[in-house]
*Asks:* 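Sharing a structure, written as C-alpha cells. Questions coming.
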Amino acid sequence: EEGSNDERWAALEVKEREAMIKEVVEPLKREIEERESAETAAATAAFRQLLTSAGVDAHARWSKWKEQLTGQAPYETVPKAQREVLFRAFVAELAAAEKSEKDGGRSKEEELRG
C-alpha cells in the first residue's frame with residue numbers, strides 16, 4: 001500500500017488493520033474525553049465559585065456583571081459560549097432557592113398562626 005514501508009502492515013487485511021488501529025486509538029480517545037470532561041467540570045466549579053465570591057445574587061443581570069468578571073482566571077477559563085449560560089443557570093438556582101425559602105417561611109407562618 002502507498003506510504004507503507006512495513007511489509008507486515010501491507011500483508012494485513014483492511015479489517016485487521018482497522019481493528020489494530022481501533023485497539024490503539026479508542027483508549028486514547030477515552031482518555032482525552034475524560035481529561036476534557038474533568039477540565040470542564042473544574043472550570044465550571046471555579047466559575048461558580050467566582051460568582052459566589054463576587055456577590056452575584058438572584059436578581060443579577062449578565063450585562064452588568066460581564067465586565068466586572070472579565071479578566072479573572074475562572075471567567076477566562078470557561079469557553080466564551082458557556083459563560084452566559086452558566087451565569088444564567090447560577091442566577092436561576094439562586095432565585096429558586098430564594099423562592100423556596102419564602103414559600104417555606106410562609107407555610108411556617110401559617111402554621112404558627114393556625
Side-chain angles (χ1 to χ4, degrees):
E1 189 170 294
E2 194 174 313
S4 176
N5 295 332
D6 190 336
E7 291 176 16
R8 296 170 296 176
W9 183 255
L12 292 173
E13 297 277 330
V14 173
K15 287 185 179 187
E16 291 174 310
R17 291 183 202 169
E18 288 174 354
M20 291 177 78
I21 290 171
K22 190 174 183 178
E23 189 178 308
V24 172
V25 171
E26 289 300 318
L28 295 174
K29 276 184 174 180
R30 257 192 313 279
E31 183 181 323
I32 289 168
E33 288 169 359
E34 289 171 3
R35 190 176 329 129
E36 287 174 350
S37 178
E39 289 171 359
T40 299
T44 299
F47 185 75
R48 291 175 61 84
Q49 180 58 42
L50 171 64
L51 297 178
T52 300
S53 65
V56 172
D57 65 13
H59 309 287
R61 300 277 179 241
W62 173 245
S63 58
K64 294 188 179 191
W65 279 94
K66 182 169 59 171
E67 287 183 29
Q68 293 177 31
L69 300 171
T70 300
Q72 297 188 43
Y75 177 87
E76 300 298 334
T77 303
V78 172
K80 187 175 183 177
Q82 290 297 313
R83 293 174 189 157
E84 185 174 358
V85 172
L86 292 173
F87 179 89
R88 289 183 185 277
F90 181 79
V91 169
E93 288 173 24
L94 292 177
E98 190 175 274
K99 183 181 184 319
S100 178
E101 275 183 32
K102 284 182 182 178
D103 291 348
R106 285 189 190 135
S107 63
K108 287 183 181 179
E109 277 182 34
E110 291 170 3
E111 287 176 20
L112 291 174
R113 289 183 189 168

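We count residues from 1, following the sequence as given.
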*Asks:* Should the pair F47 and Y75 be assigned to parallel (<30°), tilted (30 to 60°) or perpendicular (>60°) ring geometry?
*Replies:*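 Judged by the thresholds at 30° and 60°, the geometry between F47 and Y75 is tilted.
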*Asks:* Please check if L86 and W62 belong to a single hydrophobic cluster, counting links between Ile, Leu, Val, Met, Phe, Trp and Tyr side chain heavy atoms closer than 4.5 Å.
*Replies:*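 Yes; W62 is reachable from L86 via cluster members.
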*Asks:* Going by the rule side-chain contact (heavy atoms from CB on, under 4.5 Å), which residues pair with V24 if we only count those two or more places apart in sequence or in a different chain?
*Replies:*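 Per chain and number, V24 pairs via side-chain contact (heavy atoms from CB on, under 4.5 Å) with L28.
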*Asks:* Taking atom CG of L51 and atom CG of L69, what is their separation to the nearest 0.5 Å?
*Replies:* 6.0 Å
*Asks:* Determine, stepwise, if the pair W9 / M20 fulfils side chain to side chain contact (heavy atoms under 4.5 Å, CB included).
*Replies:* CA-CA 10 Å; W9 183 255; M20 291 177 78; 4.3 Å; yes
*Asks:* Does CD in E26 sit with more than 12 non-hydrogen atoms of other residues, nucleotides or ligands closer than 6.0 Å?
*Replies:*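 Buried by this count: over 12 neighbours within 6.0 Å.
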*Asks:* Any idea which heavy atoms bring A43 and T77 closest together, and the distance?
*Replies:* CB-CG2, 3.7 Å
*Asks:* Quick one: pull up CD in E31 and CD in E34 and give me the separation to the nearest 0.5 Å.
*Replies:*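 Nearest 0.5 Å value for the CD-CD distance: 7.5 Å.
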*Asks:* For E13, does its backbone N or O pair with a side-chain atom of E16 as donor and acceptor, under 3.5 Å?
*Replies:* yes
*Asks:* Using every non-hydrogen atom in the two residues, find where P74 and A46 come nearest and quote the distance to one decimal.
*Replies:*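 Closest approach of P74 to A46, heavy atoms only: CB-O, 3.6 Å.
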*Asks:* With sequence neighbours left out, which residue pairs that include part of residues 67-86 fulfil the salt bridge (charged side-chain N to carboxylate O under 4.0 Å, His left out) condition?
*Replies:*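 Sorted pair list: E76-R83, E84-R88.
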*Asks:* Taking salt bridge (Lys or Arg N to Asp or Glu O under 4.0 Å) as the test, write out the residues that go with R30, two or more places apart.
*Replies:*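 Per chain and number, R30 pairs via salt bridge (Lys or Arg N to Asp or Glu O under 4.0 Å) with no residue.
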*Asks:* To the closest 0.5 Å, what do you measure between NZ (K102) and OG (S100)?
*Replies:* 12.0 Å
*Asks:* To the closest 0.5 Å, what do you measure between CD (Q82) and OG1 (T40)?
*Replies:* 8.5 Å
*Asks:* Could you measure the distance from the CD atom of Q72 to the CG atom of L50? Nearest 0.5 Å is fine.
*Replies:*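 Reported value, rounded in 0.5 Å steps: 5.0 Å.
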*Asks:* Grab the two heavy atoms, one from R17 and one from A10, that are nearest each other, plus how far apart they are.
*Replies:* NH2-O, 3.1 Å
*Asks:* Please identify each residue that fulfils salt bridge (Lys or Arg N to Asp or Glu O under 4.0 Å) with K99, with sequence neighbours left out.
*Replies:* D103
*Asks:* Under the rule for salt bridge (Lys or Arg N to Asp or Glu O under 4.0 Å), what residues qualify as partners of E93, not counting sequence neighbours?
*Replies:*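 So E93 forms a salt bridge (Lys or Arg N to Asp or Glu O under 4.0 Å) with R48.
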*Asks:* I32: what forms a side-chain contact (heavy atoms from CB on, under 4.5 Å) with it, not counting sequence neighbours?
*Replies:* E36
*Asks:* What distance separates W65 CH2 from T70 OG1, expressed to the nearest 0.5 Å?
*Replies:*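 Reported value, rounded in 0.5 Å steps: 12.0 Å.
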